[in-house]
Amino acid sequence: MAIFALIDANSFYASCEIAFQPGLVNRPVVVLSNNDGCIVAANAHAKALNRYLTKPLGSGGYRAAQPTSIMFQPYFKVERLLKAHKTKVFSSNYELYADMSQRLHTLIGQFAPKQEIYSIDESFLDLTGFEKHNLTDYGQQIRQTILRGLGLPVAVGIGHSKTLAKLANHLAKKGDFSGVLDLTVLSEPAINLLLKNVAIGDVWGIGKQLRQQLQAVGIHTALDLKLADPHKLSKRFSVNILRSHLELNHQACLQLDEVDEPKQQILRSRSFGQAISERHDLRQALVNFASRAAEKLRAQGSVCQAVTVFCTTNPFKPEQGAYRNSCSLRLALATDDTRLIAEQVKIGVDKLWREDFLYHKAGVILSELSQKSQQQNDLFAPALNEKSAQLMAVMDQINQKMGKHSLHLASQDHANQRWAMRQNHHSPRYTTNWQELLTVS
DNA sequence: TCTGGGGTCCTAGGACCC
DNA sequence: TCTGGGGTCCTAGGACCC
């Protein structure tokens with residue numbers, strides 16, 4: 001029988017910050033999204049502040065106020081609460097988190113021949129054939145290695161399917177298991193007892209909508225889904241639910257995905273630090289996004305044939321006027337040249353632009369991607385330009401060596417960006433920038 | 001004043017074909 | 001007068017994930 005492990009860092013972004021400022025370990029710590037918009041990571045001390053929050057009553061007043069979570073709360077709404085409890089607040093420092101993530105996955109990978117890097121802070125391992133080891137001890141070894149090597153706390157969940165490994169990981173974080181839970185050695189009644197206490201919405205793949213639909217047919221816990229009649233499930237729901245049902249019954253439907261497939265679309269979007277009211281600024285912002293997207297495109301060796309541009313006003317301020325629109329453009333020949341993509345973006349901006357709106361967010365999507373190495377010339381399109389490839393390669397090299405945006409298009413106008421992100425609580429890039437190394441006094 | 005960003009997969013429905 | 005049915009492909013939108 002297959003055995004999967006899921007290793008997952010506890011509140012990863014917050015833990016990365018604490019790793020470099022260990023004095024914070026007993027204080028609430030939160031990390032904010034771009035623009036210091038809302039809370040995207042919180043350590044246990046910060047999550048404990050949940051008890052001070054309650055959801056407002058529904059408009060009918062019939063629903064009881066429920067405690068809610070500080071996760072994903074807009075920062076300005078909880079700023080006072082956080083301050084009152086001496087919370088350390090960080091803007092997101094993705095350069096640091098990405099570097100820590102690489103180190104984390106490298107360490108995890110040493111514990112099994114097959115690894116799937118599932119997200120910035122999660123890896124699956126294939127532990128099939130490791131049955132003769134004590135896998136709980138093995139999980140503890142993984143935890144110790146990562147704690148010693150990176151100062152990051154992780155939890156380890158083990159089961160006969162990915163869904164069960166996820167679920168075990170979820171339970172391992174909760175307390176009674178010292179960070180490691182191996183379901184493969186538990187009896188069926190013992191497992192069922194655990195599943196009975198997992199809400200259906202906490203099962204991997206069940207979001208808000210499906211949770212409500214499942215609850216409506218009497219499925220409230222992971223155990224309910226495990227014991228449900230598969231025929232009834234497949235009549236009423238999509239194949240995903242049936243798959244979850246099987247996976248909860250120890251039948252692995254999802255395999256380990258070892259190879260890192262190239263992305264099928266590349267998206268770069270941002271909310272602006274300050275709303276945009278001039279076409280020139282929107283164009284400048286979108287050309288900047290296009291430039292970053294094109295870098296990512298080249299980094300995975302792809303070319304794109306479609307460019308989509310979108311923009312929207314602030315959905316939280318409809319009184320300022322609401323407008324959102326998008327525009328897709330196709331290129332005659334797929335490309336990875338920043339200049340050609342930027343050209344399309346400018347055309348898109350002119351199509352989308354309406355006077356008298358305050359633009360709050362915009363983005364660029366590159367799609368219809370294919371591998372550059374397999375690209376064919378089109379009889380009716382301009383021939384592939386070798387100089388373009390050389391120029392882009394030089395641009396990428398210089399920017400990698402000298403820092404982002406060292407070399408950019410004039411229309412990006414890098415010194416003068418009124419719409420740039422707000423980031424008032426940024427920590428140093430300890431591991432990726434010589435100017436920002438940790439100093440020890 | 002201040003509300004994130006980047007992805008994948010699935011499905012329904014329309015266009016089109018024979 | 002009577003006006004089918006089945007298949008494929010594509011796209012938009014919804015739902016989910018972290």
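To find a chain, count down the sequence lines: A is the first, B the second, and so on, and within it residues start at 1.
- Residue A:Arg268 has a polar side-chain atom (N or O) positioned under 4.0 Å from OP1 or OP2 of B:dG6.
- A close approach under 4.0 Å does occur between a side-chain nitrogen or oxygen of A:Ser269 and OP1 or OP2 of B:dG6.
- Following rounding to the nearest Å, A:Phe272 (CZ) and B:dC2 (C1') show an atom-to-atom distance of 17 Å.
- At a threshold of 4.0 angstrom between heavy atoms, the contacts of A:Gln264 are confined to the sugar-phosphate backbone, with no base atom among them.
- Under the 4.0 Å criterion applied to side-chain N and carboxylate O atoms, A:Asp350 and A:Arg283 are assigned as salt-bridge partners.
- At the heavy-atom level, A:Asn35 lies nowhere under 4.0 Å from the strands shown.
- When the C1' atom of B:dG5 is taken as reference, atom OH of A:Tyr75 falls 20 Å away, rounded to whole Å.
- Looking at A:His360 and A:Ser271, their side chains come closer than 4.5 Å, going by heavy atoms from C-beta outward.
- Distance A:Arg270 CZ to B:dG6 C1': 9 Å, rounded to the nearest Å.
- Rounded to a whole Å, the CD atom of A:Gln73 is 12 Å from the P atom of B:dG4.
- Here the shortest heavy-atom pairing between A:Leu352 and A:Cys311 reads CD1-SG, 4.0 Å.
- Looking at which nucleotide of DNA chain B each of A:Asn34 and A:Val239 is closest to, the 5′-most match is held by A:Asn34.
- In summary, A:Lys196 and A:Asp224 do not engage in a salt bridge, as defined by a charged side-chain N under 4.0 Å from a carboxylate O.
- Comparing A:Lys263 and A:Ser238 by the nucleotide of DNA chain B that holds the closest heavy atom to each, the one mapping nearer the 5' end is A:Lys263.
- Taking a cutoff of 4.0 Å between a charged side-chain nitrogen and a carboxylate oxygen, A:Lys166 and A:Glu122 qualify as a salt bridge.
- Between A:Arg422 and B:dG4, a side-chain N or O to OP1/OP2 separation shorter than 4.0 Å is absent.
- Between A:Leu358 atom CG and B:dT1 atom P there is a gap of 15 Å when expressed in whole angstrom units.
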Evaluate the side chain to side chain donor-acceptor pair (under 3.5 Å) criterion for residues A:Tyr97 and A:Glu17: first the C-alpha distance (whole Å), next the side-chain angles of each, then the deciding distance (0.1 Å), finally the verdict. CA-CA 9 Å; A:Tyr97 311 149; A:Glu17 300 290 354; 2.7 Å; yes

Sugar-phosphate atoms are those with a prime plus P, OP1 and OP2; base atoms are the rest. Using that split, label each nucleotide of nucleotides 11-18 of chain C B, S or - for protein heavy atoms under 4.0 Å, 5' to 3'. ----SSSS

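- No engagement by A:Arg292 is indicated, since no non-hydrogen atom pair under 4.0 Å with the nucleic acid exists.
- Regarding contacts with the backbone of B:dG7, a side-chain N or O of A:Lys296 is found under 4.0 angstrom from either OP1 or OP2.
- When the P atom of B:dG5 is taken as reference, atom CD of A:Gln423 falls 11 Å away, rounded to whole Å.
- If you take CD1 of A:Ile117 and P of B:dG7, they are 16 Å apart, rounded to a whole angstrom.
- Side chain of A:Lys361, nearest nucleotide from B:dT8, B:dG5, B:dG4: B:dG5.
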Set out, in order, the CA-CA distance, both residues' side-chain angles and the distance that settles ring pair (Phe, Tyr, Trp, His ring centres under 6.0 Å) for A:Phe90 and A:Tyr13, then state yes or no. CA-CA 9 Å; A:Phe90 291 96; A:Tyr13 297 168; over 10 Å; no

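- Residue A:Lys317 contributes atom NZ, which lies 8 Å from atom P of B:dT1 at whole-angstrom precision.
- Within the 4.0 angstrom heavy-atom criterion, base atoms lie near A:Phe316.
- Around the CD atom of A:Gln213, the shell of radius 6.0 Å holds more than 12 heavy atoms that belong to other residues, nucleotides or ligands.
- If you take atom P in C:dC18 and the same atom in B:dC2, they sit 31 Å apart, rounded to whole Å.
- In this structure, C:dG14 forms a base pair with B:dC9, meeting either the Watson-Crick or the G-U wobble geometry with both donor-acceptor distances under 3.5 Å.
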